[in-house]
Amino acid sequence: MSVVTRFAPSPTGYLHIGGLRTALFSWLTAKHNDGTFLLRIEDTDMARNSEEAKDAILKAFEWVGMECDGEVIYQSKRFDVYKKYIKQLLKEGKAYRCYMSKEELAALREEQMANKERTRYDGRYRDFTGTPPAGVDPVIRIKAPQKGTISFVDGVKGEMNIAATEVDDFVIARADGAPTYNFVVAIDDALMGCTEVIRGDDHLYNTPKQIVVYNALGLKQPNFYHVAMINNEQGKKLSKRDGATDVMEYKTMGYLPEALLNFLVRLGWSHGDQEIFSVEEMIALFDPNDINKSSSNYNLDKLLWLNAHYIKEASDEKLIGLLKDFGVDLKGNEKASMLLNATKERGKTLVELAEQIKLITTAPTQYDEKSAKKAFKGEAKEILSTFADMLALAQPTTKEAFHAVMEKIVEEKEIGFGKIGMPLRVSLMGSMTGSGLDEIMAILGVSETIKRIEKAIANM
RNA sequence: GACCCUUUCAUCUAGUGGCCAAGGAUAUUACGUUUUCAACGUAAAAACAGAGGUUCAAAUCCUUUAGGGGUCGCCA
């Protein structure tokens with residue numbers, strides 16, 4: 001039988017980083033088995049526009065290269081289906097109308113709390129046959145088993161046994177007739193043919209409820225996998241204060257999707273000692289049964305390291321395309337390849353890479369105070385001036401040729417490399433950091449190099 | 001409060017009773033390389049939450065304590 005997985009977000013606006021990991025796990029499971037990955041929007045109660053949410057999620061999926069198969073499914077458009085099943089359950093006596101008011105329910109909860117019990121509906125209308133109280137629109141509750149345990153095997157957590165007393169006759173349709181979450185999820189998962197349901201472990205307690213629905217309706221249960229949450233570095237719930245939670249923020253921060261996916265797949269899953277996974281490798285190796293039980297903490301350092309790795313690996317062509325969004329257009333620039341080679345290794349993100357490139361391509365407007373003080377002293381002026389003359393004479397064009405001129409001045413003047421290197425660097429870049437000088441000069445060319453040197457001398 | 005899940009270096013993790021006086025990666029520190037910064041290379045430091053058991057043998061099995069997380073809606 002073909003594997004079907006799904007991602008089922010509620011429309012809250014954007015795709016959360018934790019949601020992306022769950023989606024990734026589902027997507028990988030589907031792809032690994034040549035199966036289908038579906039997207040379903042859970043909007044049974046949200047007044048918000050779920051079109052927008054769908055677009056935001058699809059956009060994020062598109063960016064990371066995860067496609068969902070088939071049409072996006074909206075629960076809000078499937079009320080007829082759910083109502084049919086509600087009617088069926090009512091008719092079969094597996095569900096019933098409950099006339100308890102919200103106030104009564106609140107009072108019951110308070111009482112149970114006071115008695116140190118788990119709060120639950122007490123089933124008072126379960127076998128009600130009398131005259132219903134006037135003026136109350138009833139909700140519909142499903143009959144959950146009153147004895148025994150509800151058991152299922154979770155692919156992550158192992159065997160789960162939940163006492164039937166923990167699961168009450170929960171509401172499947174509100175007073176206005178709208179079906180509720182646990183009811184529609186079970187129906188949709190079954191009707192969509194989901195074979196593996198991979199979701200956050202905040203849904204662990206919903207599973208027995210959904211199993212009640214599967215059983216009442218005679219639907220086939222999928223395999224469940226409940227993935228522990230991602231926490232922040234302190235082990236607390238991930239919130240906006242811990243940095244970016246919206247997947248698309250990572251794009252604007254200059255992360256490559258392959259780095260983000262590689263980072264996320266290693267949160268709660270591993271394959272021996274392997275750290276670097278291409279998407280193809282993930283698909284080939286991923287198995288939801290290998291997902292770790294415990295929650296993991298979000299750690300930016302590793303993402304940064306992975307991103308640096310994927311930037312170094314990326315082709316010039318790819319980087320040129322990516323860099324356009326970061327204010328650097330290298331298309332058609334014959335020095336593009338040299339520029340990227342010179343900067344690739346010191347940009348951990350595309351933002352940093354773009355900065356490094358701009359640092360070379362734009363002449364310094366001011367000189368870093370500390371660096372200038374250190375470099376522009378002693379004979380610096382004279383050395384630079386001689387160096388400029390030598391450049392004008394030699395007219396080097398390659399990195400090697402520029403390097404040769406540097407070596408020559410070192411030899412002739414009997415000075416250390418630093419004596420020319422430091423002032424030259426500050427003249428060209430404005431500060432003491434950056435790529436190799438010979439590389440930079442080769443990119444700039446002789447005339448621009450001399451121009452910057454002269455400007456620096458004038459400022460000394 | 002009740003119920004459930006979870007606990008290996010700072011962080012992600014390997015580990016399914018003997019191969020573990022616990023391995024890899026990131027971060028950290030030192031050294032090397034270099035005209036600078038980074039990258040790179042080499043090295044160092046760094047963990048089985050605590051207590052009891054079972055066993056010839058426990059990170060691994062059991063009990064229990066503690067920490068962390070989750071759930072208890074006519075939200076999803």
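Here the structure is a predicted model, which means the values were calculated and not measured. We name chains A, B, ... by the order of the sequence lines, and we start the count at 1 in each one.
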Could you identify the nucleotide paired to [N], looking across every strand shown and requiring Watson-Crick or G-U wobble geometry with both distances under 3.5 Å?
| N | answer |
| --- | --- |
| rU16(B) | none |
| rA22(B) | none |
| rC31(B) | rG41(B) |
| rA59(B) | none |
| rU54(B) | none |
| rA2(B) | rU71(B) |

For [X], report the nucleic acid contact type (base, sugar-phosphate, nothing); a contact means any heavy atom under 4.0 Å.
| X | answer |
| --- | --- |
| M160(A) | sugar-phosphate |
| M100(A) | base |
| R120(A) | nothing |
| D137(A) | nothing |
| V171(A) | sugar-phosphate |
| D168(A) | nothing |
| K344(A) | nothing |
| L105(A) | sugar-phosphate |

Can you tell me how far [atom1] in [N] sits from the matching atom in [M], rounded to whole Å?
| N | M | atom1 | result |
| --- | --- | --- | --- |
| rC72(B) | rC56(B) | C1' | 48 Å |
| rC61(B) | rU42(B) | P | 36 Å |
| rA21(B) | rA47(B) | P | 15 Å |
| rC20(B) | rC5(B) | C1' | 28 Å |
| rG69(B) | rC31(B) | C1' | 43 Å |
| rC9(B) | rA49(B) | P | 7 Å |

Is there any side-chain hydrogen bond (donor to acceptor under 3.5 Å, both in side chains) pair reaching into residues 143-167 of chain A, and which pairs are they, with sequence neighbours excluded? R118(A)-E166(A), S151(A)-N161(A), D154(A)-H226(A), K157(A)-D201(A)
Under 6.0 Å from the ring centre and within 45 degrees of the ring axis: does the NZ or CZ of R141(A) meet both conditions for the six-membered ring of Y121(A)? yes
Does NZ or CZ of K77(A) come closer than 6.0 Å to the centre of the six-membered ring of Y74(A), within 45° of the ring's axis?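 Ring-cation test returns yes.
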Note: E313(A)-K344(A) ion pair, threshold 4.0 Å (strictly below):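 Answer for the salt bridge query: no.
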Could you pick out which residue, Q75(A) or R21(A), lies toward the 5' side of RNA chain B when each is mapped onto its nearest nucleotide? R21(A)
Using heavy-atom distances to pick each residue's nearest nucleotide on RNA chain B, tell me which of N292(A) and A173(A) is more 5'. N292(A)
Among W269(A), F263(A), F286(A), exactly one meets ring pair (Phe, Tyr, Trp, His ring centres under 6.0 Å) together with F277(A). Which residue is that?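 Only one of W269(A), F263(A), F286(A) forms a ring pair (Phe, Tyr, Trp, His ring centres under 6.0 Å) with F277(A), namely W269(A).
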Check step by step if side-chain hydrogen bond (donor to acceptor under 3.5 Å, both in side chains) holds for Q221(A) and Q210(A). CA-CA 9 Å; Q221(A) 275 180 45; Q210(A) 290 169 21; over 6 Å; no
Distance-only side-chain donor-acceptor flag, Q75(A) / D188(A), under 3.5 Å: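 On atom types as modelled, these side chains qualify, holding a pair under 3.5 Å.
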Run the numbers on T207(A) and R199(A) for side-chain hydrogen bond (donor to acceptor under 3.5 Å, both in side chains), then give the verdict. CA-CA 11 Å; T207(A) 308; R199(A) 66 204 342 178; 3.2 Å; yes
Could you check if a side-chain atom of Y85(A) sits within less than 4.5 angstrom of a side-chain atom of L89(A), using non-hydrogen atoms only?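 A side-chain contact is absent here, since even the closest heavy-atom pair is not under 4.5 Å.
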For each nucleotide in nucleotides 24-43 of chain B, reading 5' to 3', give B when a protein heavy atom comes within less than 4.0 Å of its base, S when such contact involves only the sugar-phosphate, and - otherwise. BBSS-------BBBBSS---
Choosing from rU71(B), rG73(B), rG1(B), which nucleotide comes nearest the side chain of R109(A)?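 Comparing rU71(B), rG73(B), rG1(B) against the side chain of R109(A), the answer is rG73(B).
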Measure from the side chain of N206(A), starting at C-beta and using heavy atoms only, and say which of rC72(B), rA76(B), rU71(B) lies closest.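 Taking heavy atoms from C-beta onward, the closest nucleotide is rA76(B).
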